[in-house]
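Taking it in order: structure first as structure tokens, then the write-up.
All values reported here derive from a predicted model rather than from experimental measurement.
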Amino acid sequence: MPVKPTVQPHLHLLAKAPLPGQAKTRLIPCLGPEGAAQAHATMVRHCVATACQALGASNVTLWTSLEHQHPLFVELQADYGISLAAQQQGDVGMRVRHALNSALGPAMVMGTDCPSITVGMLKQCSEALKNVPVVILPAEDGGYGLIGTHDDHPSLFEDIPWGTEQVFKITRQRLATLALDVTFPDTMWDIDRPEDWQRWQRLRHAQKPNTCG
């Protein structure tokens, strides 16, 4: 299926406010509620910086939840000039689909717990979306960290068991049913568990001791 002549895709980032006890709760056994919230804020800052470096701030929107005027979001908008928007209510699929369809033209959505997604990977996805209708960065855990599309495809986001290792497999099956070409420029991993956080810390600070002691 040919794709439409394309402009630079818009990248939508989904982020919770870093509220203790409500953000990155699976990191709490390692970092405590405050530490997990701070870790989440660190990831959001990293992902926004990466997105702006890859695509330019004018092509980035940060979709917020829990507390839309949280100081972190205000800070990022002031520092980078990105747009802010409130996330749609509903499950992951509803929120991702709403962001993708919020404006005309090609678009990509990624979470802000995916610091393994690099500037180069975002540029690869942006270029790939010029030639195919769908681009995805699969995750090591069976999900995916980024999806990009040109048009609305509801079945890619409805009745998906979000948060399970079946997400990517089922999405590929839906793509095949729709006869949509898709490309997977790279594989990524997100930060859900203490060992994921430690992995990222080792990459960032190779000479520092383990964050969890």
Pick out which of M188, H12, M110 makes a side-chain contact (heavy atoms from CB on, under 4.5 Å) with L146. M110

So do R97 and P154 actually touch side chain to side chain, heavy atoms under 4.5 Å? yes

Quick one: side chain to side chain donor-acceptor pair (under 3.5 Å) partners of H46, sequence neighbours excluded? none

Please give me the minimum heavy-atom distance between Y80 and V48, naming the atom from each residue. CD1-CG1, 3.8 Å

Using the side chain to side chain donor-acceptor pair (under 3.5 Å) criterion, which residues pair with E140? Sequence neighbours excluded. R199

Can you tell me if CD on E165 sees more than 12 non-hydrogen neighbours from other groups inside 6.0 Å? no

For the CG atom on L203, are there more than 12 heavy atoms of other groups (residues, nucleotides or ligands in this structure) within a distance under 6.0 Å? yes

What one should report as the nearest heavy-atom pair of P185 and C125 is CG-SG, 3.9 Å

Working to the nearest 0.5 Å, report the span between OG of S58 and CD1 of I82. 11.5 Å

Check: T42 and W200 side chains under 4.5 Å, non-hydrogen atoms: yes

To the nearest 0.5 Å, what is the distance between CD (Q22) and CG (L66)? 5.0 Å

Please name the pair of heavy atoms, one in V167 and one in P161, separated by the smallest distance, quoted to 0.1 Å. CG2-O, 3.4 Å

When hydrophobic residues are tied together by side-chain contacts of less than 4.5 Å, even through go-betweens, does L137 share a cluster with V119? no

Examine distances only and state if a side-chain atom of D79 and a backbone atom of L76 form a donor-acceptor pair shorter than 3.5 Å. no

If a pair satisfies side-chain hydrogen bond (donor to acceptor under 3.5 Å, both in side chains) and one of its residues is in residues 101-112, list it, with sequence neighbours excluded. N101-D152

List for me each residue that meets salt bridge (Lys or Arg N to Asp or Glu O under 4.0 Å) alongside R204, sequence neighbours excluded, and say none if there are none. none

Roughly how far, to the nearest 0.5 Å, is CH2 of W63 from CG of L14? 9.0 Å

Start with the C-alpha gap between D113 and D190, add the side-chain angles, then the distance that decides, and say whether side-chain contact (heavy atoms from CB on, under 4.5 Å) holds. CA-CA 6 Å; D113 59 354; D190 52 15; 4.1 Å; yes

Go through F157 and L100 one step at a time and tell me if the side-chain contact (heavy atoms from CB on, under 4.5 Å) criterion holds. CA-CA 11 Å; F157 308 106; L100 285 171; 3.5 Å; yes

Please indicate whether Q53 has more than 12 foreign heavy atoms, meaning atoms of other residues, nucleotides or ligands, lying under 6.0 Å from its CD. no

Hey, could you give me the CD/CG distance between Q87 and L62, rounded to the nearest 0.5 Å? 8.5 Å

Which pair of heavy atoms, one from A17 and one from A23, lies closest together, and at what distance? O-CB, 3.8 Å

Shared hydrophobic cluster, F73 / L19 (ILVMFWY, side-chain heavy atoms < 4.5 Å): no

Can you find a heavy atom in the side chain of L55 that is under 4.5 Å from one in the side chain of M108? yes

So how far is it from E195 CD to R26 CZ, rounded to the nearest 0.5 Å? 10.0 Å

Derivation and outcome, side-chain contact (heavy atoms from CB on, under 4.5 Å), residues I191 and L27: CA-CA 9 Å; I191 296 180; L27 296 183; 4.3 Å; yes

Does I170 belong to the same Ile/Leu/Val/Met/Phe/Trp/Tyr cluster as V134, with side-chain heavy atoms less than 4.5 Å apart forming each link? yes

Side chains of T61 and H10: does their closest heavy-atom pair fall under 4.5 Å? yes

Single-linkage hydrophobic cluster, 4.5 Å side-chain cutoff, L175 and W162 together: yes

By salt bridge (Lys or Arg N to Asp or Glu O under 4.0 Å), which residues pair with R95, not counting sequence neighbours? none

Is the closest side-chain heavy-atom distance between L72 and R45 below 4.5 Å? yes

Point-to-point distance, once rounded to the nearest 0.5 Å, from CD of E158 to CE of M94: 9.0 Å

Give a yes or no on whether the backbone of Q89 and the side-chain of H98 come within a donor-acceptor separation of less than 3.5 Å. no

Could you check whether any side-chain heavy atom of L122 comes within less than 4.5 Å of a side-chain heavy atom of S126, counting everything from C-beta outward? no

Would I28 end up clustered with L31 when hydrophobic side chains under 4.5 Å apart are linked, directly or stepwise? no

So D192 and K24, do their side chains get closer than 4.5 Å, heavy atoms only? yes

G21 versus T25, closest heavy-atom pair with distance: O-CG2, 3.4 Å

Minimum heavy-atom distance between N59 and Q8, given as atom pair plus value: ND2-CG, 3.5 Å

Flag side-chain contact, heavy atom, 4.5 Å: P18 against V44: no

Kindly state each residue pair satisfying side-chain hydrogen bond (donor to acceptor under 3.5 Å, both in side chains) with at least one member in residues 167-177, sequence neighbours excluded. none

Using the rule given for side-chain contact (heavy atoms from CB on, under 4.5 Å), can you reason through L156 versus L178, listing the C-alpha separation, both sets of side-chain angles and the distance that settles it, and then say yes or no? CA-CA 9 Å; L156 297 182; L178 293 168; 4.1 Å; yes

